[in-house]
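Following: one structure in structure tokens, then a few remarks.
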Amino acid sequence: MTAVGKSLHRREGPDKLRGVAKYIDDYVFPNCLHGVTLRSTISCGRVLKVEQDPAFDWSEFTVATAADIPGKNCVPFLQEDQLLLARDRVNHPMEPIALVAHASRERAYEALAHFRVEYAPEEPALTMEDSLRLRRTIYPPDNVFKDILISKGDTAHGFAGAHVVVEGEYRVPWQEQAYIENNGMAAYFDSDGTLVAMGSMQCPYYVHKALKVIFDLPAPRVRVIQTTTGGGFGGKEDYPSVLAGHAALLAWKAKRPVKIVYDRTEDMAATTKRHPAKVRHRSGFDREGRLSAQDIDVVMDGGAYMTLSPVVLSRGAIHAAGPYACPNVRIRARAVATNTPPNGAFRGFGAPQTLFAAELHMDKAARTLGLDPAELRRRNILREGSVTATGQVLRTSVGMDEALEATLQMSRWPALRASCEKWNASSRKTWRGAGLAAVYHGSGFTGSGEVYLASKAGIALTREGRVKVLAASTEIGQGTNTMFAQIAADALGIPASLVDVETPDTAKVPDSGPTVASRTCMVVGGLVAKAAAKLKAELAPRGKFPNTQAALRRAAASLCAGAPQREFIAQYEKPAEIQWDDRTYSGDAYGSFGYAAMVAHVEVDRSTYEVRVLKLWTAQEIGRAVNPALAEGQIIGGSAQAVGYALYENPIFRDGRMVNASLTNYVIPTAPDTPPMEVALLEKPYRHGPFGAKGLGEMPMDVPGPAIAAAVHHATGVWVPKLPILPEDLAAALPA
């Protein structure tokens, strides 16, 4: 192989560095209008009246309401419960009620002040606790979007025989994705009536599905094109469907192109975030420190509409027991409705919430049992042949043991802990501590999700003698285009320089599923390799595949038969050994898991109680690193994002509305806050992944939170069972 395993330069890098990459706000559409949104100012209640000021000159403006929608007034995700525009009631602050477009963005915003909305407010449910006790139904039944029960063995028997039982409750908040580029979409209608939407997104076919429903159009009459996207982290999985619907509705009514680009405050206040969660653990251990029983209760806040909450909850529930073998497990998980803006996808997709609780709880158990945290994990971690909480037997590519030991060795764990304790005995200014966490993370969609998606990806040979990857998976900064080119190149035996990657455009590429769930490399990359094998079989069944552009051009002359290109498509097929029962939540939850461990070294100021991360060490087992530099970059970037989750990012909500919706008072880590990191890539190839690759992008988000929280405990002696760990939390927990 000449491409896979090599750190080839990322393909989109030069254009971004030179400032020539075109984001949606860089596109100039002739005769374009700018759209803005009139939003609810109350948490919930009936809308009695929406009036436009008759003294204001509306002649230059286009106004759209729910009455203008030609198809269904909904944005279809897992359910059709979320309205594109509110009609007779609103369920959260910032819910869209009407849209305005004008040639001047400033004038469009000015018009919003000339609406008058009259409400009949109702009692809101603003917290998970409110939702579970409120008699008024936000969402039937009983304000619960999804209720999951995972059961293995006999927990009553397991607790009866336990030597020690450890209990704890852990909480995590919302988290803002804080992508560099705000949400933005543009829409227009072609001369043949085709609706075209362009913008910053992760999942073009999600937007395509929504626009078909909203405008009652057949699939060929809707086209969705991804533009250069400045980050997503899950925040551009579902919400672009809402924004595309708004831009398209204004374009339909105005008969002109319309662009809507949010400013930072609107983006943070109105769009989806990570689900807040409350997790309770009760764990039994025998005399040797081995788990005998786990009873776990998870509640997540879904916000006002379902969006993706059931699948976020699903991944969270499956990972809630942590990467540990336990014979008796009960996990109950619920996602509930509240009168806050809907929550959605965020890197890790439910697992960071429940793994924070699982890992900090293991540290608490180690303290109770009088064991070193590393030793307790050694006695319980999943290994080849272990059985997970869902009853999945881990048969191959199980790297938890290797990841744990490599991390401990890199950090010199015993010596590091001892040095912290020595420091604390002598320093009057700071405390120091070292904490450990171990996680696993399923690659791809949960359970039967990949079967449901039935994803397709392809390879094309062009008349010019180049190979083109055809997939709807989007490049959002993680290196997708580079990785696809490497896989296609080695699958065909040609230089990567001969491989292009088509722009995700629903008129040009098949539906390869969403760019989420650590599936792009393993699942879609696997389809690219299979499609390449079809081309290879067609072009060189017995001989050598042409490996120069001239030779490929000669081969294409006959293969393309006058067409611009010849395409070969592969569709996902479930490996025969994967068995999953959606009804009982049992079986093979994922085809494979990635495994990671991390040690965090922290310093706590004894006067201000500020926590500073001095260094992170992590080993992550990912099957095969298609591009080691990009893989390491994913781990460093995800870990930095998780440092923010652990220490800085504190969203403040009042009456259901985010009140610190700006980057001046919603604090994310900057370069000085990002600690040095030592990263080890471990490889235990997965036979169903391309060249052995598994998922990678989400797992780095899982480990820093609990590792840092454990290090803070080692430094100060107090447990802070929540994120973020703020100075005021430590001040309250420490003795006066």
Side-chain angles (χ1 to χ4, degrees), residues 148 150 168-173 175 234 274-281 283 291 294 296-300 311-326 329 331 333 345-366 373 376-377 380-382 388-390 399-400 403-404 407 435-443 446 517-518 589-590 593-600 616 618-621 635 638-639 641-646 695-711 720-725:
I148 294 171
I150 298 172
E169 181 177 298
Y170 309 89
R171 297 189 77 114
V172 289
Q175 188 185 14
R274 186 185 299 285
H275 291 67
K278 179 174 67 175
V279 186
R280 290 195 182 100
H281 272 259
S283 303
L291 280 162
Q294 292 174 291
I296 304 166
D297 185 82
V298 179
V299 182
M300 290 189 180
V311 284
V312 172
L313 183 76
S314 173
R315 185 175 288 266
I318 288 168
H319 289 79
Y324 304 107
C326 181
V329 182
I331 302 167
F346 195 136
R347 188 181 205 163
F349 212 69
Q353 292 95 312
T354 57
L355 284 168
F356 167 74
E359 281 306 285
L360 198 56
H361 192 69
M362 283 297 280
D363 252 64
K364 188 175 182 181
L376 183 62
R377 287 170 171 83
N380 289 283
I381 57 172
L382 296 167
T388 69
T390 66
M400 189 69 262
L404 176 62
T407 301
L436 171 66
V439 303
Y440 71 156
H441 197 102
S443 301
T446 302
S518 297
Y590 302 96
F593 293 85
Y595 300 87
M598 176 173 282
V599 166
L616 298 175
T618 185
Q620 308 212 1
E621 193 278 297
I635 292 168
S639 297
Q641 198 167 33
V643 168
Y645 191 40
L696 164 63
E698 294 181 297
M699 189 163 60
M701 191 79 219
D702 297 336
V703 269
I708 290 169
V720 181
K722 63 171 281 291
L723 296 180
I725 301 172

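Just the heavy atoms: all of them, side chains too, but no hydrogens, waters or symmetry mates, feed the values below.
Listed by chain and residue number, Tyr170 satisfy the side-chain contact (heavy atoms from CB on, under 4.5 Å) test with Pro721 (two or more places apart in sequence, or in another chain). For Ser518, the side-chain contact (heavy atoms from CB on, under 4.5 Å) criterion is met by His441, Glu698, not counting sequence neighbours. Looking at residues two or more places apart in sequence or on another chain, you find a side-chain contact (heavy atoms from CB on, under 4.5 Å) between Ala365 and Val166, Phe285, Leu376. For His281, the ring pair (Phe, Tyr, Trp, His ring centres under 6.0 Å) partners at least two apart in sequence or on another chain are His361. By the side-chain contact (heavy atoms from CB on, under 4.5 Å) test, Ala709 is found to be paired with Phe356, Leu360, Ile725, residues two or more places apart in sequence or in another chain being considered. Taking Tyr590 as the reference, His319, Phe593 meet the ring pair (Phe, Tyr, Trp, His ring centres under 6.0 Å) condition, with sequence neighbours excluded.
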Exercise. When you look at Ile381 and Tyr324, which way does the side-chain contact (heavy atoms from CB on, under 4.5 Å) test go after all the steps?
Worked result: CA-CA 4 Å; Ile381 57 172; Tyr324 304 107; 3.8 Å; yes
For this session: Kindly determine whether Ile318 and Thr390 satisfy side-chain contact (heavy atoms from CB on, under 4.5 Å), including the steps that lead there.
Result: CA-CA 7 Å; Ile318 288 168; Thr390 66; 4.2 Å; yes
For this session: Mind running side-chain contact (heavy atoms from CB on, under 4.5 Å) on Thr618 and Met699 for me, showing each step along the way?
Result: CA-CA 11 Å; Thr618 185; Met699 189 163 60; over 6 Å; no
Problem set entry | Full working for side-chain contact (heavy atoms from CB on, under 4.5 Å) between Leu291 and Ser283 | CA-CA 7 Å; Leu291 280 162; Ser283 303; 4.1 Å; yes
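For the atom pair CD (Gln353) and CE (Met701), the distance works out to 9.0 Å, reported to the nearest 0.5 Å. In this structure, OH on Tyr595 lies 13.5 Å from CG on Leu404, to the nearest 0.5 angstrom. The CZ atom of Arg171 sits 5.0 Å away from atom NZ of Lys278, with the distance rounded to the nearest 0.5 Å.
Residues Ala600 and Ala711 approach most closely at O-CB, 3.5 Å, considering heavy atoms. Between Ala437 and Ala707, the shortest heavy-atom contact is CB-N, 3.7 Å. Here the shortest heavy-atom pairing between Ala320 and Ala358 reads O-CB, 3.5 Å. Heavy atoms only, all atoms of each residue included: Ala597 and Ala403 are closest at CB-O, 3.7 Å. Nearest heavy atoms, Pro700 versus Ala642: O-CB, 4.2 Å.
Of the possible donor and acceptor atoms, none in the side chain of Arg315 sits under 3.5 Å from a partner among the backbone N and O of Gly348. Between the Lys722 side chain and the Pro724 main chain, a donor and an acceptor come within less than 3.5 Å of each other. For Gln620 (side chain) and Ile635 (main-chain N/O), no donor-acceptor pair under 3.5 Å exists by modelled atom type.
Remark: Arg274 is positioned above the aromatic ring of Tyr645, its terminal NZ or CZ atom under 6.0 angstrom from the ring centre and at most 45 degrees off the axis.
Annotation: side chain of Thr354 is in contact with side chain of Met300 (closest heavy-atom distance under 4.5 Å). Residues Val329 and Ile150 form no side-chain contact, since every pair of their non-hydrogen atoms from C-beta on lies 4.5 Å or further apart. Considering only heavy atoms from C-beta on, Ile148 stays 4.5 Å or farther from Ile331 through its side chain. Using a 4.5 Å cut-off on side-chain heavy atoms (C-beta onward), Met598 and Glu359 make no contact. At a threshold of 4.5 Å between non-hydrogen side-chain atoms, the residues Leu616 and Val643 count as touching.
A salt bridge links Arg377 to Asp363: at least one charged side-chain nitrogen sits closer than 4.0 Å to a carboxylate oxygen.
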